[in-house]
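So that the names make sense, note that chain A is the first sequence line, chain B the second, and so on, each numbered from 1. Note that the coordinates shown come from a computational prediction; the quantities given were computed from them, not determined experimentally.
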2 protein chains.
Amino acid sequence: MAEKKSDRTRAAILAAARERFGADGYERATIRAIAADAAIDPAMVMRYYGSKEKLFAAAAEFDIRLPDFGDVPLESLGEALARHFLERWEADDSLRVLLRTAVTNEVAVERMRSIFAAQLAPTLRVQAVDQPDVRAGLVASQVLGFALCRYILGFPPIATMPDDEVVAWLGPTLARYLTSPAPTLNQA
Amino acid sequence: MAEKKSDRTRAAILAAARERFGADGYERATIRAIAADAAIDPAMVMRYYGSKEKLFAAAAEFDIRLPDFGDVPLESLGEALARHFLERWEADDSLRVLLRTAVTNEVAVERMRSIFAAQLAPTLRVQAVDQPDVRAGLVASQVLGFALCRYILGFPPIATMPDDEVVAWLGPTLARYLTSPAPTLNQA
DNA sequence: AGCATATGCCAACACCTGTTGACTTTTGCC
DNA sequence: GGCAAAAGTCAACAGGTGTTGGCATATGCT
């Protein structure tokens with residue numbers, strides 16, 4: 001092991017950064033505050049991560065690989081997705097960081113998009129649904145909207161809803177976005 | 001008319017503030033930039049609105065009164081809501097301001113909540129649905145999530161979707177949130 | 001006209017931001 | 001023990017922020 005002490009502070013910085021970015025958003029999370037949380041000097045943050053942008057990029061980097069839904073029957077995929085996202089969202093604050101910062105930071109937007117457009121859509125393609133991009137977008141709109149109300153805005157009935165009830169409400173919505181035939185429009 | 005010139009610059013400031021807050025969010029929208037857009041001195045902003053917080057409060061203030069849905073049959077209320085919110089969202093950038101700033105500004109959160117919790121929920125109570133707060137929250141989650149993807153994040157298939165298609169997709173979802181019996185949970 | 005008042009501009013303030021360089025301490029190897 | 005490199009500390013920088021007070025200009029009333 002070539003280095004040990006440095007790795008520990010590197011990790012401390014990253015953990016503090018995740019928390020601050022997630023709680024305050026990109027602009028209000030200052031390097032000084034992050035350094036104070038990690039109990040080190042602000043200059044260390046620069047030495048290890050180069051800049052605030054790069055620190056954020058590192059803090060927003062984590063494996064967001066969706067499990068393989070290729071063999072889940074399409075009818076129960078909605079519920080499976082709802083449960084998976086809920087668990088993923090409560091496991092740590094990685095997704096919260098992304099959602100809170102995506103509003104003002106392009107990097108976060110792109111990373112968020114890569115979850116839904118670049119991961120969910122292909123999964124749907126395997127299931128041979130039509131318009132996989134549209135359906136993935138609709139799923140994203142409901143999942144992100146619910147997360148927004150629950151974790152960021154803290155809307156009372158949504159924020160305190162038990163997990164099972166969340167799945168029971170959202171599951172059918174997602175299922176419909178995945179399975180329902182695309183709407184036919186009468187006129188423009 | 002006691003004053004004329006001042007009212008015009010007051011309005012110019014407010015318009016520029018709405019645009020900047022909506023485009024950049026609360027922290028990144030600077031008073032100097034707003035003043036530059038309105039082609040006046042930053043000091044004028046302070047003279048007329050007192051502080052950045054108060055300017056924002058003024059910029060985020062507008063009538064968001066929902067039309068009276070008391071007589072709309074519950075089955076078509078979902079579609080009516082979808083269409084109303086979509087129109088309201090595209091009419092001006094008031095709601096965009098609120099959504100973008102709500103992530104970091106408590107005032108915006110409270111104002112957003114007042115739309116759904118304090119206006120939509122009572123409307124539902126008139127229709128005698130059970131759990132009106134939960135249902136209003138669910139509607140909020142889908143409406144805000146879609147707006148987030150369409151106007152803030154700019155997710156490709158959602159951002160470019162024709163209005164009628166939006167209503168066709170979202171209407172049934174909202175309708176289900178309003179009419180479907182509350183899910184019964186087997187166990188905790 | 002003259003004058004009070006409203007309106008606007010300018011320069012500066014105190015503070016906070018990300019970032020940098022020089023300096024000191026600790027670590028690990030010979 | 002001695003020494004080079006790593007790890008950490010400190011103070012300062014340059015620039016941007018909200019905010020303020022003083023000074024000039026324009027306006028409208030009598």
Atom [atom1] of [X] and atom [atom2] of [N]: how far apart are they, to the nearest Å?
X     : N      : atom1 : atom2 : result
B/R10 : C/dA6  : CZ    : C1'   : 13 Å
B/R47 : D/dT20 : CZ    : P     : 12 Å
A/Y48 : D/dG8  : OH    : C1'   : 8 Å
B/M44 : C/dA6  : CE    : P     : 13 Å
B/M46 : C/dA11 : CE    : P     : 19 Å
A/L55 : C/dT17 : CG    : P     : 15 Å
A/D7  : D/dA7  : CG    : C1'   : 12 Å
A/I40 : D/dC10 : CD1   : C1'   : 14 Å

With sequence neighbours excluded, what pairs up with A/F116 under the ring pair (Phe, Tyr, Trp, His ring centres under 6.0 Å) test?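 Residues passing ring pair (Phe, Tyr, Trp, His ring centres under 6.0 Å) with A/F116: A/F85.
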For B/D41, give me all partners under side chain to side chain donor-acceptor pair (under 3.5 Å), at least two apart in sequence or on another chain.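 Result, side chain to side chain donor-acceptor pair (under 3.5 Å) vs B/D41: none returned.
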Expected list for residues 129-138 of chain A: side-chain donor-acceptor pairs under 3.5 angstrom, two or more places apart:
unit_1	atom_1	unit_2	atom_2	d
A/D130	OD1	A/R135	NE	3.4
A/D130	OD1	A/R135	NH2	2.8
A/R135	NE	A/D130	O	2.7
A/R135	NH1	A/Y177	O	2.9
A/R135	NH1	A/L178	O	3.2
A/R135	NH1	A/S180	O	2.8
A/R135	NH2	A/S180	O	2.9

Which of these nucleotides, D/dT19, D/dG8, C/dT7, is closest to any side-chain atom of B/P42?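 The answer is D/dT19.
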Residues 13-23 of chain B side chain polar contacts: donor-acceptor under 3.5 Å, at least two apart:
unit_1	atom_1	unit_2	atom_2	d
B/R18	NE	B/A59	O	2.7
B/R18	NH2	B/E61	O	3.3
B/R20	NE	B/D37	OD2	2.8
B/R20	NH1	B/D24	OD2	3.4
B/R20	NH2	B/D37	OD1	3.3

Do the side-chain N or O atoms of A/T9 get closer than 4.0 angstrom to the phosphate oxygens (OP1, OP2) of D/dG8?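 Result: yes.
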A/E79 side-chain N/O to A/G171 backbone N/O, donor-acceptor pair under 3.5 Å: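 No; zero donor-acceptor contacts below 3.5 Å.
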Give the table of side-chain donor-acceptor pairs shorter than 3.5 Å for residues 103-112 of chain A, with sequence neighbours excluded, one pair per line with atom names and distance.
unit_1	atom_1	unit_2	atom_2	d
A/T104	OG1	A/E27	OE2	2.6
A/N105	OD1	A/V107	N	2.8
A/N105	OD1	A/A108	N	3.3
A/E110	OE1	A/R113	NE	3.4
A/E110	OE1	A/R113	NH2	2.7
A/R111	NH1	A/A57	O	3.0
A/R111	NH1	A/A60	O	3.2

What does the B/S/- profile of nucleotides 11-17 of chain D look like, 5' to 3', with a 4.0 Å heavy-atom cutoff to protein? -B----B
